[in-house]
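Take a look at the structure below.
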Amino acid sequence: MENCIFCKIVSGEIPSSKVYEDEVCIATLDINPAAPGHTLIIPKEHHQDLTDDVDEKLLGHLFKTAAIIGARQKERLNAEGFNVIQNNGEVAGQSVHHLHIHVIPRFANDGVLPLWKPTEPSMEELGAVKDLLK
Ligand code: 5GP
Ligand code: ZN
């Protein structure tokens, strides 16, 4: 894809701090990390987001790679845990429109903000949404 920054990172046209590569994807450090070690899992194939007819096998591969990187963050960076985050659409925080998964190592009191503030809908409100989604 022309003008896609992640396609350019995959091809090597733009340099990046690559920590993993196989035939299907790469993992590279985010240039503006939420915490040290914040890694992006990027498929070599261009897909805009998760709804872009993504093959089941590719999705499984990306999540398996996220697990490998998360385990490394725990073993080698002494992270106590990690978040796996995947944004779809600008309203959801997606700024690069090439499918990717964030793996963010977590440390006690690291200041990384939670993604949402829990709300308390009524049973009727939950039921209305359930009917729309099921
Ligand atoms: P999104 O907001 O689309 O879920 O995530 C895109 C991520 O890509 C952001 O966290 C941003 O910091 C990162 N990013 C943007 N441009 C570059 C780049 O040129 N190199 C690297 N390594 N990361 C980038
Ligand atoms: Zn791309």
Side-chain angles (χ1 to χ4, degrees):
M1 275 290 282
E2 232 177 291
N3 292 327
C4 171
I5 200 160
F6 284 180
C7 280
K8 288 180 180 169
I9 285 177
V10 165
S11 72
E13 197 181 325
I14 292 178
S16 74
S17 305
K18 216 187 297 180
V19 297
Y20 176 91
E21 177 166 15
D22 59 32
E23 65 287 354
V24 174
C25 70
I26 66 163
T28 189
L29 296 184
D30 195 297
I31 37 162
N32 296 126
H38 179 168
T39 302
L40 302 170
I41 315 297
I42 304 175
K44 292 185 170 176
E45 204 172 88
H46 180 96
H47 290 280
Q48 183 161 310
D49 64 26
L50 208 49
T51 64
D52 185 19
D53 196 22
V54 188
D55 182 72
E56 211 176 297
K57 244 176 106 181
L58 173 58
L59 282 181
H61 189 95
L62 297 177
F63 269 86
K64 185 70 196 163
T65 308
I68 290 168
I69 296 301
R72 273 196 208 173
Q73 290 171 341
K74 290 178 73 175
E75 282 165 27
R76 304 186 194 175
L77 304 179
N78 295 320
E80 290 166 42
F82 59 94
N83 290 114
V84 174
I85 296 174
Q86 197 276 315
N87 299 326
N88 299 277
E90 275 166 29
V91 74
Q94 185 178 14
S95 58
V96 177
H97 297 276
H98 177 130
L99 175 70
H100 57 281
I101 298 175
H102 296 259
V103 186
I104 303 176
R106 298 303 303 270
F107 307 88
N109 305 313
D110 59 15
V112 177
L113 295 174
L115 191 57
W116 69 86
K117 207 165 88 192
T119 61
E120 293 179 355
S122 65
M123 286 311 287
E124 289 74 25
E125 287 167 325
L126 280 178
V129 179
K130 182 194 76 178
D131 289 343
L132 288 171
L133 280 180
K134 77 180 178 190

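Computed from heavy atoms alone, side chains included, the values below leave out hydrogens, waters and symmetry copies. In listed order, ligands and their atoms are each counted from 1.
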The Zn ion (ligand 2) reached by His47 (N, O or S, under 2.8 Å): no

Side-chain donor-acceptor contact under 3.5 Å, His98 with His47: no

Distance-only side-chain donor-acceptor flag, Gln94 / His100, under 3.5 Å: no

Validation row: His46, Leu99 side chains within 4.5 angstrom (heavy atoms): no

Sub-4.5 Å side-chain heavy-atom contact between Ile101 and Val84: yes

CG/Asp131: more than 12 non-hydrogen atoms of other groups inside 6.0 Å: yes

Angle, SG of Cys4 through the Zn ion (ligand 2) to ND1 of His46 - 10° precision: 110°

Within the protein, residues bringing a heavy atom under 4.0 Å of ligand 1, chain by chain: Ile5, Phe6, Ile9, Leu29, Asp30, Ile31, Asn32, Leu40, Asn87, Gly93, Gln94, Ser95, Val96, His100, His102

Salt bridge (charged side-chain N to carboxylate O under 4.0 Å, His left out) evaluation trace for Glu21 with Lys44: CA-CA 10 Å; Glu21 177 166 15; Lys44 292 185 170 176; 2.8 Å; yes

Atom name of the N, O or S atom in His98 that lies nearest to the Zn ion (ligand 2): ND1

Residue list, side-chain contact (heavy atoms from CB on, under 4.5 Å) with Val24, at least two apart or on another chain: Asp22, Leu58, His61

